[in-house]
Amino acid sequence: MAEPVSSSFDFTAYLAKARKRVEVALDAALGPEKPNQLREAMRYSLLAGGKRLRPILCLAACELTGENSDHAISTAVAIEMIHTMSLIHDDLPAMDNDDLRRGRPTNHKVYGDALAILAGDALLTRAFEMVALRSPNVPVDRLLKVVGELSLVAGAPGLVGGQVEDLHCEGKEVDLDTLEFIHTHKTGALLKASVVCGAFIGGAKEELISALRIYAKGIGLAFQIVDDILDVTASSEVLGKTAGKDLIADKTTYPKLLGLDESRKRARELIGNSKKAIEPWKNKAAPLIALADYIIDRDR
Ligand code: FPP
Ligand code: MG
């Protein structure tokens with residue numbers, strides 16, 4: 001085990017403060033949308049709590065560049081909007097057909113399929129509005145990079161592609177390469193973009209961007225491996241979503257292919273490599289290093 005970069009860093013306090021900051025910004029990002037039921041459906045899922053890991057990673061990456069992370073708050077919100085819309089759509093009957101998310105009934109269970117689809121669409125488009133039109137004091141070339149990165153990871157080369165492969169592989173024999181494709185696209189891509197976009201907003205140089213891409217690739221895959229593990233080992237109450245769903249839907253997962261111990265080992269290795277990639281930035285990297293540990297130690 002590597003020595004912690006900064007033993008004085010209070011991660012619990014950092015996480016609590018960052019979550020609060022994100023919650024306030026998310027609330028403020030949704031205006032008086034009309035009609036009312038659209039506003040309610042958007043707010044229902046966006047403000048339902050959650051770990052807020054992606055926006056916090058975005059802010060932490062911006063901080064690492066030395067830039068004031070207030071400049072990254074709209075991008076952080078945008079990323080959580082994209083994440084939330086992907087979960088609304090993922091839970092639909094045509095996809096995973098889930099009825100529990102973040103400890104409450106899924107969006108379509110409350111508002112119906114049509115409104116759930118449209119609330120997701122509205123969150124996705126609002127995300128790009130947040131970056132393009134609601135990011136004051138950020139140079140346009142940085143915003144353009146963020147828009148480019150987010151359009152790639154949300155679309156066919158990222159979440160959509162990963163989700164299509166995931167659905168296509170249900171009930172089929174899947175090898176490790178295919179599973180890794182699904183995980184890195186469906187989940188890893190947006191986690192990676194969270195980090196990279198925070199660094200773009202901070203105007204990071206290529207050396208840091210490259211290190212952060214390595215960091216983020218590792219945590220992205222590790223995150224989904226841990227998700228697979230928790231699906232087997234945790235309860236619905238703790239997870240806030242239906243536990244054991246992968247087995248019911250006959251999805252291939254890391255525990256199914258490698259077993260629980262080997263899956264944990266693989267996730268630990270990935271997190272170790274991620275941390276190593278940003279160690280040269282020493283204490284400035286402490287939040288991202290602690291966030292990497294959190295990804296593997298979390299219970300939900
Ligand atoms: C949850 O995975 C689902 C995702 C991480 C992404 C799903 C992606 C889409 C529905 C495409 C969204 C479209 C755009 C344009 C971004 P899971 O089912 O393994 O996890 P769960 O147990 O939390 O449901
Ligand atoms: Mg699902």
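The analysis underlying the following values was restricted to heavy atoms, covering all of them including side chains, and did not include hydrogens, waters or symmetry mates. These figures come from a predicted structure and were not determined experimentally. Whatever order the structure lists them in is the order used to number ligands and atoms, beginning at 1.
Geometrically, ligand 1 and S86 share no nitrogen or oxygen pair separated by less than 3.5 Å. Among the atoms of K241, some N or O lies under 3.5 angstrom from an N or O of ligand 1.
The nearest pair of heavy atoms linking A48 to R102 is O-CB, 3.8 Å. Annotation for S74 and S135: closest pair CB-OG, 3.5 Å, computed over non-hydrogen atoms.
Between F9 and F11, the ring-plane angle classifies as tilted under the 30° and 60° cut-offs.
Residues K251 and D166 meet the side-chain proximity criterion, which asks for heavy atoms closer than 4.5 Å.
Taking all heavy atoms of D90, L230, L124 into account, the minimum distance to atom 3 (C) of ligand 1 is reached by D90.
For ligand 1, the atoms sitting less than 4.0 Å from at least one non-hydrogen atom of V160 are 13 (C), 14 (C), 15 (C), numbered in the order shown with element in parentheses. Ligand 1 places these atoms under 4.0 Å from at least one heavy atom of R101: 21 (P), 23 (O), 24 (O).
Here the protein heavy atom with the shortest distance to atom 7 (C) of ligand 1 is Q163 OE1, 3.2 Å. For atom 18 (O) of ligand 1, the nearest protein heavy atom (residue, atom name, distance) is D96 OD2, 2.7 Å.
Between the side chain of T184 and the backbone N or O of F181, at least one donor-acceptor pair lies under 3.5 Å.
A cation-pi contact links R54 to F223, judged by a cut-off of 6.0 Å to the six-membered ring centre and 45° from its axis.
When each of D228, D98, D227 is tested with K245 by the rule salt bridge (Lys or Arg N to Asp or Glu O under 4.0 Å), just one qualifies, namely D98.
Using a 4.0 Å cut-off between heavy atoms, K186 contacts ligand 1 through both its backbone and its side chain. Contacts of K245 with ligand 1, taken as heavy-atom pairs under 4.0 Å, are absent altogether.
Contact annotation: M85 has at least one heavy atom less than 4.0 Å from an atom of ligand 1.
Annotation: K109, atom NZ; neighbour count of heavy atoms from other residues, nucleotides and ligands within 6.0 Å does not exceed 12. By the neighbour-count criterion of 12 heavy atoms within 6.0 Å, atom CG of L176 is densely surrounded, having more than that number from other residues, nucleotides or ligands. Within a 6.0 Å sphere centred on NZ of K172, other residues, nucleotides and ligands contribute more than 12 heavy atoms.
Protein N/O/S atoms found under 2.8 Å from the Mg ion (ligand 2), listed by chain and residue number: D90 OD2, D96 OD2.
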Verdict with reasoning, V195 to C58, per side chain to side chain contact (heavy atoms under 4.5 Å, CB included): CA-CA 5 Å; V195 175; C58 176; over 6 Å; no
